[in-house]
2 protein chains.
Amino acid sequence: MYSGDMDAREQLIETMRELMGERGYVGTSPRAILSRAGVGQGSMYHHFDGKAGLAAEALRRNADAMRGDGEAVFDAGGPVLDRIRVYLRRPREVLQGCRIGRMTEDPDVIGDAVLRKPIEETLAWYERRIAELLAEGQESGELAAGFVPGQVAAAIVAVVQGGYVLAKAAQSVEPFDNAIEGAVTLLTGLRGER
Amino acid sequence: MYSGDMDAREQLIETMRELMGERGYVGTSPRAILSRAGVGQGSMYHHFDGKAGLAAEALRRNADAMRGDGEAVFDAGGPVLDRIRVYLRRPREVLQGCRIGRMTEDPDVIGDAVLRKPIEETLAWYERRIAELLAEGQESGELAAGFVPGQVAAAIVAVVQGGYVLAKAAQSVEPFDNAIEGAVTLLTGLRGER
DNA sequence: GTCTATAATTGGATAGAC
DNA sequence: GTCTATCCAATTATAGAC
């Protein structure tokens, strides 16, 4: 765990994490980074290979954080449907959007293999982990047998990512909350017979 | 229906529709527009109030097209669940993304009331229209009574929008297709008893 | 109406002092 | 390591010829 004041390098990374979440990659200028971080041009180009290098580090940290959030919920005990419901209903900065998912609309991120990697891996990890939980539920008899875990898992992750889209369009959390509750409703149809 | 060669104004709008779908609003430069449209600077600034004015017209057309696509499917006859399935499985340019939904990640679009309006209205229309269909299904007995149409409708629209996010992250249509089939699976749980 | 030329501003990176 | 000053290219907009 990091403690004490941040040095310039650390300050730059944390500022970049915020800005990329707020404005995306192309929407974040070096000027804005340096201004908010409170450091000069020199620091950025000393510690990183320009904007792209800093973005790569910031994205990796955002990806690690998002994965950690998921692990905390999915690794908890109890019925798998409960864990998935907790994931869906977890409090979020809805109008800010997902710091990972939003990067997919940024052509300069998707077009750069290094920048895209943490995005791809994180979302794929969520899909895979939820699919595992669903398969586990099928084996235990908690869930019905007649569905493909990987498909339902993708739908669950997509509802969250798409919920952000609806919320930003409306500039309101309401459609996000609706989508989440709709997904929770739909999931109850997966329950097994016993 | 428009026929014959496009004049410069028309050419600019159609080019802008394409480019905004491919690269977003901030990612689309006047230079790129003029180059692909094959017209000079003067034409753009004569017909429109700069890039923003052109974008407003392009977005309105994209919104109208997306709404028209929805109407064609939702207004068809037959069981409502069939119509929603047709909507979900409709062929799409998955890796390009939704020309309307993707704009929500563009701060300059969301921050401009004029540009945001067609985005908000179109997605809200889809939510509302699907909610109507679901309510209709509940009344007819095709669907069970114990769910909130507006919530499930939001989840359905979110799955499609989120599916694009997963597909772009993976640079593959597979997660999109999975999410769609997962949603179709989940929807079967809504069927009524009779 | 449409063009080319040009201007103002910002994005992104470099140079060199301390 | 960090700063300020500077530079080049691209974005966005304007001017003025035709």
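Each chain gets a letter, A, B and so on, in the order its sequence line appears, and its residues count up from 1.
Atom CE of A/M16 and atom P of C/dG11 are 13 Å apart (whole Å). Remark: P of D/dT12 and CG of B/L19 are 12 Å apart, rounded to the nearest angstrom. Straight-line distance from the CD atom of A/E10 to the P atom of D/dG1: 14 Å, rounded to whole Å. Rounding to whole angstrom units, CG of residue B/D108 and C1' of D/dT11 are separated by 13 Å. The separation between B/Y25 atom OH and D/dT11 atom C1' is 12 Å, rounded to whole Å. Between the CZ atom of B/F48 and the P atom of C/dG1 there is a distance of 13 Å, rounded to whole Å. Atom CG in A/D49 sits about 8 Å away from atom P in C/dA13, given to the nearest Å. Rounded to whole angstrom, the span from the NE2 atom of B/H47 across to the C1' atom of D/dA13 amounts to 17 Å.
Under the 4.0 Å criterion applied to side-chain N and carboxylate O atoms, B/E132 and B/R128 are not assigned as salt-bridge partners. Contact check on B/R129 versus B/D75 returns a salt bridge, with a Lys/Arg side-chain nitrogen under 4.0 Å from an Asp/Glu carboxylate oxygen. A salt bridge is defined here as a Lys NZ or Arg NE, NH1 or NH2 lying under 4.0 Å from an Asp or Glu carboxylate O, and A/R89 with A/E181 meets this definition.
At the phosphate of C/dA13, OP1 or OP2 sits under 4.0 Å from a side-chain N or O atom of A/Y45. A close approach under 4.0 Å does occur between a side-chain nitrogen or oxygen of B/S43 and OP1 or OP2 of C/dC3. A sub-4.0 Å separation between OP1 or OP2 of D/dC3 and a side-chain N or O of A/H46 is absent.
Here the closest non-hydrogen pair linking A/P30 and A/M44 is CB-CE, 4.2 Å.
Candidate nucleotides C/dT2, D/dA5, C/dC3 were compared by shortest atom distance to the side chain of A/Q41, and D/dA5 ranks first. Out of D/dT11, C/dC3, C/dG11, the shortest distance to the side chain of B/V39 is found at C/dC3.
Between the side chain of B/E142 and the backbone N or O of B/L81, at least one donor-acceptor pair lies under 3.5 Å.
Both A/R31 and A/G42 lie near DNA chain C, and the one whose nearest nucleotide falls closer to the 5' end is A/R31.
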